[in-house]
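Side chains included, hydrogens not; waters and symmetry mates left out as well; all remaining heavy atoms used.
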Amino acid sequence: MHPAFAVGLVFAGCCSNVIFLELLARKHPGCGNIVTFAQFLFIAVEGFLFEADLGRKRPAIPIRYYGAMVAMFFTVSVVNNYALNLNIAMPLHMIFRSGSLIANMILGIIILKKRYSIFKYTSIALVSVGIFICTFMSAKQVTSQSSSSENDGFQAFAWWLLGIGALTFALLMSARMGIFQETLYRQFGKHSKEALFYNHALPLPGFIFLASDIYDHAVLFNKSELYQVPVVGVSVPIMWFYLLMNVITQYVCIRGVFTLTTECTSLTVTLVVTLRKFVSLIFSILYFRNPFTLWHWLGTVFVFLGTLMYTEVWSNLGTPKGQPPKEDKRN
């Protein structure tokens with residue numbers, strides 16, 4: 001597959017996925033569990049048919065290692081989606097998750113004993129400042145937009161703090177999972193497609209504990225207004241249509257990123273994903289008219305400027321064609 005086509009899959013899949021997720025969350029903020037379950041089920045079924053060959057293909061990486069990876073992956077997915085139910089706006093949700101560089105660097109230093117250049121430390125500082133600005137301004141909005149009652153205002157702010165805590169926990173857990181996955185690939189070789197299947201198939205029994213919440217939201221979805229699907233001409237509850245489109249676009253997004261990792265350098269992948277997040281953020285703000293002040297814009301610029309600095313894209317723009325990009329030897 002041509003890299004340009006993979007880039008198209010990433011932008012089309014990931015950006016549209018954010019749109020349908022916000023459409024779902026705006027109507028039912030607590031629908032994260034049913035969204036996560038649907039995504040996991042779809043990708044697991046597809047992987048079982050085409051990657052695991054109906055269970056006949058043995059995994060290259062022992063199942064016990066996938067068990068630990070799956071526990072972390074499941075936790076991150078559920079916590080990130082549930083944070084939307086804790087007074088966390090979608091733009092803040094996306095910006096906060098863009099701080100994965102911070103978590104990766106901190107855990108890389110602690111666990112892998114890595115050392116980085118001053119240039120990369122500066123980029124992480126920019127990302128940290130950007131996230132702090134956006135988080136602080138969102139905190140003020142939550143307080144001001146809540147009821148005039150002091151108790152209601154405090155309760156809304158308390159839920160928002162819990163949401164920030166959930167996002168922080170998911171950020172660190174995701175970074176730890178990345179380090180664990182890196183060590184597995186170093187030991188057994190890269191099997192990203194296999195990992196994609198097992199990361200989505202093995203957690204499925206865990207959704208039994210969330211069955212009640214999933215069922216309740218399924219009932220709510222059934223009660224939503226009918227929507228006539230274009231071309232097909234079939235009328236379905238609009239929330240189910242949003243969920244179906246979210247699942248499909250999530251699959252396209254993940255497959256696009258996977259294809260990029262096999263066709264391009266990690267620098268290119270990081271840059272594409274960063275630009276995709278920025279496009280998703282801008283669209284969310286403009287289309288859904290989310291509250292976004294000049295301070296939020298400043299924080300956003302810091303986050304994405306710091307991310308681009310971390311990839312050292314400017315220092316590699318002058319690299320002659322056919323030569324590998326420059327790398328931080330201490331990294």
Side-chain angles (χ1 to χ4, degrees), residues 5 7-50 74 77-95 97 145 163 196 200-201 203-204 207-208 210-257 276-292:
F5 184 71
V7 172
L9 287 180
V10 172
F11 274 87
C14 299
C15 292
S16 54
N17 177 259
V18 172
I19 296 172
F20 288 108
L21 177 60
E22 184 151 4
L23 288 171
L24 288 163
R26 277 175 168 261
K27 185 68 175 179
H28 297 292
C31 68
N33 289 331
I34 191 172
V35 172
T36 306
F37 173 70
Q39 292 174 350
F40 275 50
L41 181 63
F42 181 86
I43 296 176
V45 170
E46 189 275 340
F48 182 73
L49 294 176
F50 300 105
F74 178 80
S77 298
V78 171
V79 171
N80 270 327
N81 282 325
Y82 191 73
L84 293 172
N85 198 33
L86 300 172
N87 280 344
I88 300 296
M90 183 61 72
L92 177 61
H93 191 274
M94 287 187 287
I95 293 172
R97 292 179 67 178
Q145 291 174 0
L196 179 65
H200 289 80
L204 287 178
F207 284 99
I208 294 176
L210 306 173
S212 176
D213 180 73
I214 293 173
Y215 175 78
D216 289 343
H217 280 88
V219 173
L220 292 175
F221 281 17
N222 287 333
K223 295 179 180 178
S224 61
E225 64 271 22
L226 292 179
Y227 174 77
Q228 187 172 9
V229 182
V231 181
V232 181
V234 178
S235 295
V236 297
I238 193 169
M239 294 302 291
W240 285 114
F241 175 74
Y242 289 159
L243 181 61
L244 175 64
M245 296 306 297
N246 176 269
V247 168
I248 293 174
T249 53
Q250 173 74 1
Y251 175 75
V252 173
C253 173
I254 291 179
R255 286 304 301 269
V257 173
R276 192 280 303 170
K277 290 178 180 178
F278 186 73
V279 172
S280 297
L281 177 65
I282 299 302
F283 189 89
S284 174
I285 295 165
L286 298 178
Y287 183 80
F288 293 102
R289 298 180 181 179
N290 283 303
F292 221 67

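With contacts defined as side-chain heavy-atom distances shorter than 4.5 Å, the pair L23/K27 does not qualify. Side-chain atoms of P237 and L226, non-hydrogen and from C-beta on, do get closer than 4.5 Å to each other. When side chains are defined from C-beta on, L41 does not count as touching F207, because their heavy atoms never get closer than 4.5 Å. You'll find the side chain of Y242 stays beyond 4.5 Å of the side chain of S224, heavy atoms only. Here the side chains of L243 and F20 are not in contact, with every heavy-atom distance at 4.5 Å or above.
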| field | Worked verdict on V7 versus F11 for side-chain contact (heavy atoms from CB on, under 4.5 Å) | value | CA-CA 6 Å; V7 172; F11 274 87; 3.7 Å; yes
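In this structure, the separation between CG on N222 and CH2 on W240 is 6.0 Å, given to the nearest 0.5 Å. From Q250, atom CD reaches atom CD1 of I43 across 5.5 Å, with rounding to the nearest 0.5 Å. Between atom CD1 of residue I19 and atom CE of residue M245 there is a gap of 10.0 Å, rounded to the nearest 0.5 Å. How far CZ of F241 is from CG of N246: 11.5 Å, rounded to the nearest 0.5 Å. To the nearest 0.5 Å, the span separating CG on L210 from CD1 on I34 amounts to 11.5 Å.
The backbone N or O of L24 lies less than 3.5 Å from no partner atom in the side chain of H28, so there is not a single donor-acceptor pair. With hydrogens and angles ignored, the 3.5 Å screen pairs no side-chain donor or acceptor of H217 with any backbone N or O of N33.
The side chain to side chain contact (heavy atoms under 4.5 Å, CB included) with Q39 is formed by just one residue from the set I254, I248, N17; it is N17.
Here the closest heavy-atom approach between residue S16 and residue G13 is recorded as OG-O, 3.2 Å.
At most 12 non-hydrogen atoms from other residues, nucleotides or ligands lie less than 6.0 angstrom from OH of Y82.
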